[in-house]
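Both ligands and their constituent atoms are indexed starting at 1 by order of listing.
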Amino acid sequence: MANQSRILVIEDEERIANFLRRGLAYEGYQVDVAHDGQAGLALARDYPPDLVVLDWMLPGIDGIEVCRRLRSGGSVPIIILTARDSLSDKVQGLDAGADDYLVKPFDFEELLARIRALLRRVQPSKIEVLKFADLTLDTGTRQAFRSGRAIDLTAKEYELLELFMRNPRQVLTRDVIFDRVWNYDFGGESNIIEVYVRYLRQKTEAESEQRLVHTVRGVGYVLRED
Ligand code: CA
């Protein structure tokens, strides 16, 4: 059976990137490729991957920083690729939140084995159904339901709602929300949180249901029942 896991490859060397794209696609994975860290983070945001293969030496934002930002946004497994075989790189990489480490030139079968191992490890925690009041969120399908009514969410709306549902009745400050959902990409002056909270309210209150996402003036937002 085809393997539908989505793998994001962030690698600036075209030859290796193409080799990985072809090889992983042949194995049945859905593959996205980015050639620098910025593009990789954008792809990870728009098309959340099940696993990331990340080159260490990248132009612009380097691998370690990409790794930190991916990690602050969630628990996606990350395998770092590096040409440098030094212990300090490995320690730095693991400190930054990488799950595994492979030295170039690497054996493709070895990479596949590690990918399979990591995907197996995260699979059980992948599907969870979060509940709050009459709202449920399926982390497998990334779909929300309100009193059984299905609500389709965009990637960002999903992440924001998941953050609220994992922290019910807790006031989440704007800084925390920025950090966890946008990785500070938009900066504190942006009204992006207000915009997305409005989208979530429109969708979760489409049938005049009671409000669950409340504004805490000057601080942030909280998921609670009145
Ligand atoms: Ca590189």
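- For the Ca ion (ligand 1), the set of nearby N, O or S atoms under 3.0 Å includes none belonging to E11.
- A salt bridge does not link D46 to K156: none of the charged nitrogens lies less than 4.0 Å from a carboxylate oxygen.
- A salt bridge is absent between R211 and E225; no separation between the charged side-chain nitrogens and carboxylate oxygens falls under 4.0 Å.
- Taking the Ca ion (ligand 1) as reference, the nearest N/O/S atom within D55 carries the name OD2.
- Put simply, the side chain of E110 never gets that close to the backbone of D107: no donor and acceptor are under 3.5 Å apart.
- Draw a line from the Ca ion (ligand 1) to OD1 of D12 and another to O of M57, and the angle between them is 90° (to 10°).
- T215 and R201 are linked by a side-chain donor-acceptor pair at a separation below 3.5 angstrom, with hydrogens and angles left out of the test.
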